[in-house]
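Just so it is clear, the values below take in all heavy atoms, side chains as well, and ignore hydrogens, waters and symmetry mates. Order of the sequence lines sets the chain letters (A, B, ...), proteins ahead of strands, with each chain counted from 1.
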Amino acid sequence: MVDTETTATTDAPRNFIRDIVQDDLEAGRARGVVTRFPPEPNGFLHLGHAKSICLNFGIAKEFGGRCHLRFDDTNPVKEEQLFIDSIQQDVRWLGFDWGEHLYYASDYFEQLYEWAEHLVRTGNAYVDDTAADAMRTQRGTLTEPGQNSPFRYRPVEENLDLFRRMRAGEFPNGTRVLRAKIDMASGNMNLRDPVLYRILHAAHPRTGDAWSIYPTYDFAHGQSDAIEHITHSVCTLEFEDHRPLYDWLIEHLPVPSRPRQYEFARLNVTYTILSKRHLTRLVTEGHVTGWDDPRMPTIAGIRRRGVPAAALREFVSRVGVARAYSTVDVAMFESAIRDTLNPSAPRRMAVLRPLKLIIDNYPEGQTETLEARNHPDNPDAGSRPVTFGREIYVEQDDFMEHPPKKFYRLSPGKEVRLRYGYFVTCREVVKDADGQVVALRCTYDPGSKGGNAPDGRKVQATLHWVAAADALPAEIRLYAHLFSRPDPGADGDALADINPESLEVLDGALVEPALADAPVGAAVQFERTGYFAIDPDSRPGRLVFNRTVGLRDTWAKVSAKG
RNA sequence: UGGGGGAUAGUUUAGCGGUAAAACUCCCGGCUCUGACCCGGGCAUCCUUGGUUCGAAUCCAGGUCCCCCAGCCA
């Protein structure tokens, strides 16, 4: 089976961030490149994070630098060890390695606290007793300047005393904050005396009860970058407005380095939702089976679905990096998956919706072994034996009693080829009392063994099949887009746009015996059907497959057009 | 006259003053023991109006539309 654990390559295309790094290096503004991927451990990683991971690790690799994995764990009420673990697993699976450079913002809490005191001492920060709602009012609006807090000009010594007592845990949540003293009239809301520290009597996954105050993102992020000597701090566009604050803090603090922030457009994908809030709801409200449900756009879900890490990287590479807002067609992802799997996935035969086919002129009780190639374009992949017999199963979709014009599969009187087997001709349609087709009676041409007729005659179709004698039962899970419209949520609640038919379970599928002991995660192509992978739910004797992605289906388009 | 940012094919990107490139989608055709893969071909008023220039998607000026910001979230 195919090994999906591949190593990341560096064939990344050009983009504006690479250009900046390259220019900085060539101009001597930077001696090396250090980037970082800084997730908050409050959920599972998804497609959007994959873009950031590939970008940050990709740039570091391309320019011989390094990329840190840093957990931005500044809000203990939302963070869990479970997420810390899953994030590391997902980044590794994606093919990236942070080496020794695993960090946590919480590792810097003491240093950050000292820098906060530095800001207080230099008159650049103050403790504010204003309640949250009053502070909101004082902040003004997008078009009106804010009002200075009555506590803005508190003496340094009093600020210092209060800030230390905040740290000591003397005050309840929400009673005081530490604010930077910048400009309440700034057009940039982030500069209207932003909160640097808030009181939070909450246990932190890593620091436990050691702290009762926690730095905000704005105070922690840039300084953490500086501590780690990050040269290029790459984030998404919604942080653009924070850059002036990022720079202000760096300039007003005795930090050991001078990082720069650059922003790119986050990833959006049609028929998909990537906001953590919505993904969390999908899980907690039971719309999916978990964070790793194969329909989820999480790395865990994508992996379980059978998508190789290389396909994810390929997708991200094709999407590119820019500053323009965009939504990528999910078809681009599916294409990257097929392109990655096609050259490597072994071919197998599986009948999703079986229809019995009886070969009347084939000797009863007899079977024979045929040879089936594991890959059409790669002889090195070898072959495996498949059993042929009097009774086999074909796909229900491959038979039509009254075929339309361009249908060249099986129909009464029609001859087709059974892959690697014989030519068969449909002689009779067997129906039950309700008129449902339950079997086809056929004859075969003994001279066509292996799939070629002795007289050179052609058939229009080649069907996949399994032998009744040794086919294995399997459960096959077919997935459609989780949402029924390309822009879920555009008319309101995204969860209202969930596709009720995103999962179809086929209980009676039959697969060839070569699949008996395929390991979990193994990717195969079921010929003429799609790419599939063994699900973790699979058990010996009860195989479970996920359809990773279907094959391109030109016939479906033709027939849909009538 | 809040501040910040963005507009190139249906989609996502490239293009960095010399006459629009790629991938995906879609359409037409070929090949085929997978209607897959593969191979041909087709699909762009570069948001708009002016200006600079021999020459503008690229430079300048005005306009239009879209996105982000008023968490003690990140």
Next item on the list: Considering just the side-chain nitrogens and oxygens of A:Arg323, establish if one lies under 4.0 Å of OP1 or OP2 belonging to B:G5.
Entry: no

Check: What does A:Asn452 touch in the nucleic acid at a heavy-atom separation under 4.0 angstrom: a base, only the sugar-phosphate, or nothing?
Finding: base

Notebook entry, point to check: Would you say the side chains of A:Thr216 and A:Arg198 form a donor-acceptor pair under 3.5 Å?
Noted result: no

Check: Counting only side-chain N and O atoms of A:Arg417, is one of them less than 4.0 Å from OP1 or OP2 of B:U32?
Finding: no

Checklist line | Options B:U25, B:A70, B:C37, nucleotide nearest the side-chain atoms of A:Met189 | finding: B:A70

Item checked: B:A21 and B:U45, which share atom name P, separated by this distance in whole Å -> 13 Å

Next item on the list: Using distance alone, with no hydrogens and no angle criterion, decide if A:Thr340 and A:Glu314 have a side-chain donor and acceptor under 3.5 Å apart.
Entry: no

Checklist line | Nearest-Å distance once atom C1' is located in both B:A70 and B:A22 | finding: 42 Å

Margin query: Taking only side-chain N and O atoms of A:Thr74, does any of them lie within less than 4.0 angstrom of OP1 or OP2 on B:A74?
Written below: yes

Next item on the list: Assign the ring pair A:Phe109 / A:Trp211 to parallel, tilted or perpendicular, where the plane angle (0 to 90°) is split at 30° and 60°.
Entry: perpendicular

Notebook entry, point to check: Out of B:G35, B:U13, B:G4, which has the shortest distance to the side chain of A:Tyr325?
Noted result: B:G4

Check: Counting just side-chain N and O atoms, does A:Arg139 come under 4.0 Å of either OP1 or OP2 of B:C72?
Finding: yes

Next item on the list: Take the protein atom CZ of A:Phe333 and the nucleotide atom C1' of B:U12, then report the distance between them rounded to whole Å.
Entry: 15 Å

Item checked: Any A:Arg198 side-chain nitrogen or oxygen under 4.0 Å from OP1 or OP2 of B:C73 -> yes

Check: With a 4.0 Å cut-off on heavy atoms, is A:Thr130 in touch with a base, just the backbone sugar-phosphate, or nothing at all?
Finding: base

Notebook entry, point to check: B:G5, B:A70, B:C72: which one has an atom nearest the side-chain heavy atoms of A:Val177?
Noted result: B:C72

Notebook entry, point to check: Heavy atoms under 4.0 Å, any strand shown: does A:Val77 hit a base, just sugar-phosphate, or nothing?
Noted result: nothing

Checklist line | From B:G3, B:A7, B:A74, nucleotide with atom closest to A:Tyr217 side chain | finding: B:A74

Next item on the list: Without swapping roles, check the side chain of A:His481 against the backbone of A:Phe483 for a donor-acceptor pair under 3.5 Å.
Entry: no

Margin query: Quick one about A:Tyr126 and A:Asp193 (side-chain donor to acceptor, distance below 3.5 Å, no hydrogens or angles considered), yes or no?
Written below: yes

Item checked: Nucleotide of B:C24, B:G35, B:A14 approaching A:Asp339 most closely (side-chain heavy atoms) -> B:C24

Next item on the list: Give a yes/no on whether any side-chain N or O of A:Arg318 is located under 4.0 angstrom from OP1 or OP2 of B:A22.
Entry: no

Notebook entry, point to check: When the distance from CZ of A:Phe219 to P of B:G71 is rounded to whole Å, what number comes out?
Noted result: 21 Å

Check: Do the side chain of A:His242 and the base of B:A74 come within less than 3.5 angstrom through a donor-acceptor pair of N or O atoms?
Finding: yes

Next item on the list: Determine, using ring centers only, whether A:Tyr444 and A:Phe423 are less than 6.0 Å apart.
Entry: no

Notebook entry, point to check: Please give, in whole Å, the distance from B:U1 P to A:Glu144 CD?
Noted result: 14 Å

Check: Salt-bridged, A:Glu40 to A:Lys276, with N to O below 4.0 Å?
Finding: no

Item checked: Sugar-phosphate, base or nothing in reach of A:Phe239, heavy atoms under 4.0 Å -> base

Checklist line | Atom-to-atom span, CE of A:Met184 to C1' of B:A70 - whole angstrom | finding: 10 Å

Item checked: Pairwise P distance for B:A7 and B:U12, with rounding to whole Å -> 12 Å

Next item on the list: Provide the distance between the two C1' atoms, one in B:A20 and one in B:U8, to the nearest whole Å.
Entry: 8 Å

Notebook entry, point to check: Expressed in angstrom and rounded to an integer, what is the separation of A:Lys51 atom NZ from B:U12 atom P?
Noted result: 11 Å

Margin query: Please classify the nucleic acid contact of A:Ala132 as base, sugar-phosphate, or nothing, using heavy-atom distances under 4.0 Å.
Written below: base

Item checked: Sugar-phosphate, base or nothing in reach of A:Glu334, heavy atoms under 4.0 Å -> nothing

Margin query: Taking the P atom in each of B:C24 and B:G40, what is the distance between them to the nearest angstrom?
Written below: 13 Å

Item checked: Verdict with reasoning, A:Glu238 to A:Arg266, per salt bridge (Lys or Arg N to Asp or Glu O under 4.0 Å) -> CA-CA 9 Å; A:Glu238 65 269 26; A:Arg266 70 184 320 150; 2.5 Å; yes

Margin query: Please classify the nucleic acid contact of A:Lys276 as base, sugar-phosphate, or nothing, using heavy-atom distances under 4.0 Å.
Written below: nothing

Check: Does a side-chain N or O from A:Arg338 land closer than 4.0 Å to OP1 or OP2 of B:C37, or not?
Finding: no

Note to self: Can you tell me whether the side chain of A:Arg552 and the base of B:G35 have a donor-acceptor pair closer than 3.5 Å?
What the structure shows: no

Next item on the list: Please check the phosphate of B:C73 (OP1 and OP2 only) for any side-chain N or O of A:Thr216 closer than 4.0 Å.
Entry: no

Notebook entry, point to check: So what does A:Pro376 hit on the nucleic acid, given a heavy-atom distance under 4.0 Å: a base, only sugar-phosphate, or nothing?
Noted result: base

Notebook entry, point to check: Would you say a side-chain N or O of A:Lys557 is under 4.0 Å from OP1 or OP2 of B:C26?
Noted result: yes

Next item on the list: Pick the C1' atom in B:U19 and in B:G3, then give their distance to the nearest Å.
Entry: 39 Å

Note to self: Of the options B:U11, B:G71, B:U34, whose atoms approach the side-chain atoms of A:Met332 most closely?
What the structure shows: B:U11

Next item on the list: Give the nucleotide from the list B:G4, B:U34, B:A14 with an atom nearest to the side chain of A:Asp241.
Entry: B:G4

Margin query: Without decimals, in angstroms, what is the distance between A:Arg14 CZ and B:A23 C1'?
Written below: 18 Å

Notebook entry, point to check: So what does A:Leu142 touch, heavy atoms closer than 4.0 Å: a base, only the sugar-phosphate, or nothing?
Noted result: base

Next item on the list: Check every strand shown and say whether A:Thr327 touches a base, only sugar-phosphate, or nothing at a heavy-atom separation below 4.0 Å.
Entry: sugar-phosphate

Margin query: For a quick check of understanding: with a heavy-atom distance under 4.0 Å over all strands, which category does A:Thr141 fall into, base, sugar-phosphate or nothing?
Written below: base

Check: To the nearest angstrom, how far is A:Asp487 atom CG from B:C67 atom P?
Finding: 13 Å

Item checked: Residue-phosphate contact under 4.0 Å: A:Arg347 side-chain N/O, B:A36 OP1/OP2 -> no

Next item on the list: Mind calculating the distance between CG (A:Asn188) and P (B:G4) to the nearest angstrom?
Entry: 8 Å

Checklist line | Side-chain H-bond candidate by donor/acceptor type, A:Arg318 with A:Ser335, under 3.5 Å | finding: yes

